[in-house]
Protein chains: 2
Amino acid sequence: MEKKLRMTHQREIILDELRRCRSHPTADELYERIKKKLPRISLATVYRNLEILSEVGLITKLEISGRQKRFDWDVQDHDHVYCTECHRVDNIPTATTTCLPVDPDQQKGYQITGCRIEFYGLCPNCQKPRKVQKFKGDKDMACKSCTTGLSDTQRQVLEAFAKSEEACGSKDIAAATGMESKKVSCQITALKKKGFVSSPVRCKYEITDEGKSQLSC
Amino acid sequence: MEKKLRMTHQREIILDELRRCRSHPTADELYERIKKKLPRISLATVYRNLEILSEVGLITKLEISGRQKRFDWDVQDHDHVYCTECHRVDNIPTATTTCLPVDPDQQKGYQITGCRIEFYGLCPNCQKPRKVQKFKGDKDMACKSCTTGLSDTQRQVLEAFAKSEEACGSKDIAAATGMESKKVSCQITALKKKGFVSSPVRCKYEITDEGKSQLSC
DNA sequence: CCTTGACATGCGAATGATTATCAAATACAT
DNA sequence: ATGTATTTGATAATCATTCGCATGTCAAGG
């Protein structure tokens, strides 16, 4: 008793237009592009079809953190990063592709059908220090991160490294700062990239001179 | 130049009410409960304060997959499962707590500040077969899952196991079905719990007789 | 104890994203 | 070509959330 789908012109264009996007457009971004080819198309049609196409598995619907839905032509399994500032979304290759299975006895009775992993942070554009500006024009919470290029969390992690005599792992830092080890490891990666920590041994890190100089300002 | 917060009566009640919730209420669920104590409170006040409290880290804002925001008194790092049917949210202990750090050179320039892991599936209540009903009262897509208690994906995985001569791992099944290994491992866990597959060796699974009988109906 | 200014509140209206409704148009099997 | 189930476009409706603003409250200083 399957309801059969018809390949209408608009459905075809919608699918086609999404597929030629390298980004992850929202319904209305897509609508704007499609209007150029089909000026009479309705926004509702775009929504409807994106929904249908994702239901039948021709595209993927991304429901990222309470924001506008986005759509992805790529139905392969992959994870995403999004910018907390401008809400741009990108693909991100995860180091460990295998999922973290949950202890079966601990699933609270849920019949789990999937899992979503998403990273967040600042995209290249939004990292550019733009003076006193935080989220949505908040009064004047002067943010240290703007002056040093370090987020508060990163500073915290870096300070923990500074206190340590020898190279240590993310768990040690997590213990020292009271932060979640999940966040810590993300921060370390970022700090490493900026050259503020280095890794003398696999999985052990220490602060660099450059990192120390960051802390002194 | 910090903006100083006042602990007003309503803010106190809101915090208190959330803390005595073992669930993860939405703003308006909380509003309903709070109205009993403060009948004159405004919904906007609830929203405002939940936002502020989460900004200063006294509570956590959960932005789960495109739905209504939920709030959590527990600021410790932990992951969640949500029901795709009724949208209930629960805590879930993840087996591997360490995050999957991303290859630094592959971060696309993002300065990553965190990561969110969420599982989804059917909660105990929504697993009860309730005749022909899928999401949002969809016409009549008769769903096999209702008759057997297996989702289509689970059936697919189980069928792959049935075809295999010997015990195999989730990657083998992923390859055989073309599914994402992430999903496969979740399904296996569920199937194992139901007794349709068993694990003769760690990380290897095989179909049980009970599983075989499921496939024949 | 009265005034001031910074926060906060309550109300209703506004917004933004998404869905629902429904008559008219269209695709597709026959 | 024809019948009919599916789709469309236009518009209204919904839902969660936020905004504007007049009013209220608090803490500190005179």
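Only a predicted model underlies this, so the values are computations on that prediction, with no experimental measurement involved.
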How close or far is atom [atom2] of [N] from atom [atom1] of [X], stated in whole angstroms?
X: Lys61(A); N: dT18(C); atom1: NZ; atom2: C1'; answer: 11 Å
X: Gln68(A); N: dT17(D); atom1: CD; atom2: C1'; answer: 14 Å
X: Lys69(A); N: dG16(C); atom1: NZ; atom2: P; answer: 18 Å
X: Glu63(A); N: dT18(C); atom1: CD; atom2: C1'; answer: 12 Å

Asn91(A) side chain to His24(A) side chain, donor-acceptor N/O pair below 3.5 angstrom: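 A pair is found: one side chain offers a donor N or O, the other an acceptor, under 3.5 Å apart.
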Under 3.5 Å side-chain donor-acceptor pair for Glu85(A) and Asn125(A):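 No, because no side-chain N or O of Glu85(A) sits under 3.5 Å from a partner of the opposite role on Asn125(A).
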For DNA chain C, the residues among residues 31-47 of chain B that have a non-hydrogen atom under 4.0 Å from it: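 When residues 31-47 of chain B is checked for heavy atoms under 4.0 Å from DNA chain C, the hits, listed by number, are Arg40(B), Ile41(B), Ser42(B), Ala44(B), Thr45(B).
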DNA chain C contacts among residues 6-19 of chain A, heavy-atom distance under 4.0 Å: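 Of all residues in residues 6-19 of chain A, the ones placing a heavy atom under 4.0 Å from DNA chain C are Arg6(A), Met7(A).
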Steps toward side chain to side chain contact (heavy atoms under 4.5 Å, CB included) verdict (Ile41(A), Tyr31(A)): CA-CA 8 Å; Ile41(A) 201 172; Tyr31(A) 171 61; 4.0 Å; yes
Heavy-atom pair of closest approach, residues Lys69(B) and Glu63(B):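 Closest approach of Lys69(B) to Glu63(B), heavy atoms only: CE-OE1, 3.4 Å.
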Nearest non-hydrogen partners of Lys61(A) and Phe71(A), listed with the distance: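 Heavy atoms only, the tightest pair is CG-CE2, 3.8 Å.
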Could you list all N or O pairs between the protein and nucleotides 1-3 of chain D that sit under 3.5 Å apart?
none

[Y] and [X], any side-chain heavy atoms less than 4.5 Å apart:
X: Leu30(A); Y: Leu18(A); result: yes
X: Leu38(A); Y: His9(A); result: yes
X: Glu118(A); Y: Tyr82(A); result: yes

Salt bridge present between Glu32(B) and Lys35(B) (N-O < 4.0 angstrom):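 Yes, charged N to carboxylate O under 4.0 Å.
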Nearest-nucleotide comparison on DNA chain D, the residue closer to the 5′ end among Arg70(B) and Arg48(B):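 On the 5' side of the pair lies Arg70(B).
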Pair Asp90(B)-Arg88(B), salt bridge (Lys or Arg N to Asp or Glu O under 4.0 Å): steps then yes or no: CA-CA 7 Å; Asp90(B) 280 293; Arg88(B) 165 180 156 188; 2.8 Å; yes
Sugar-phosphate, base or nothing in reach of Asn49(B), heavy atoms under 4.0 Å: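 It contacts sugar-phosphate atoms only.
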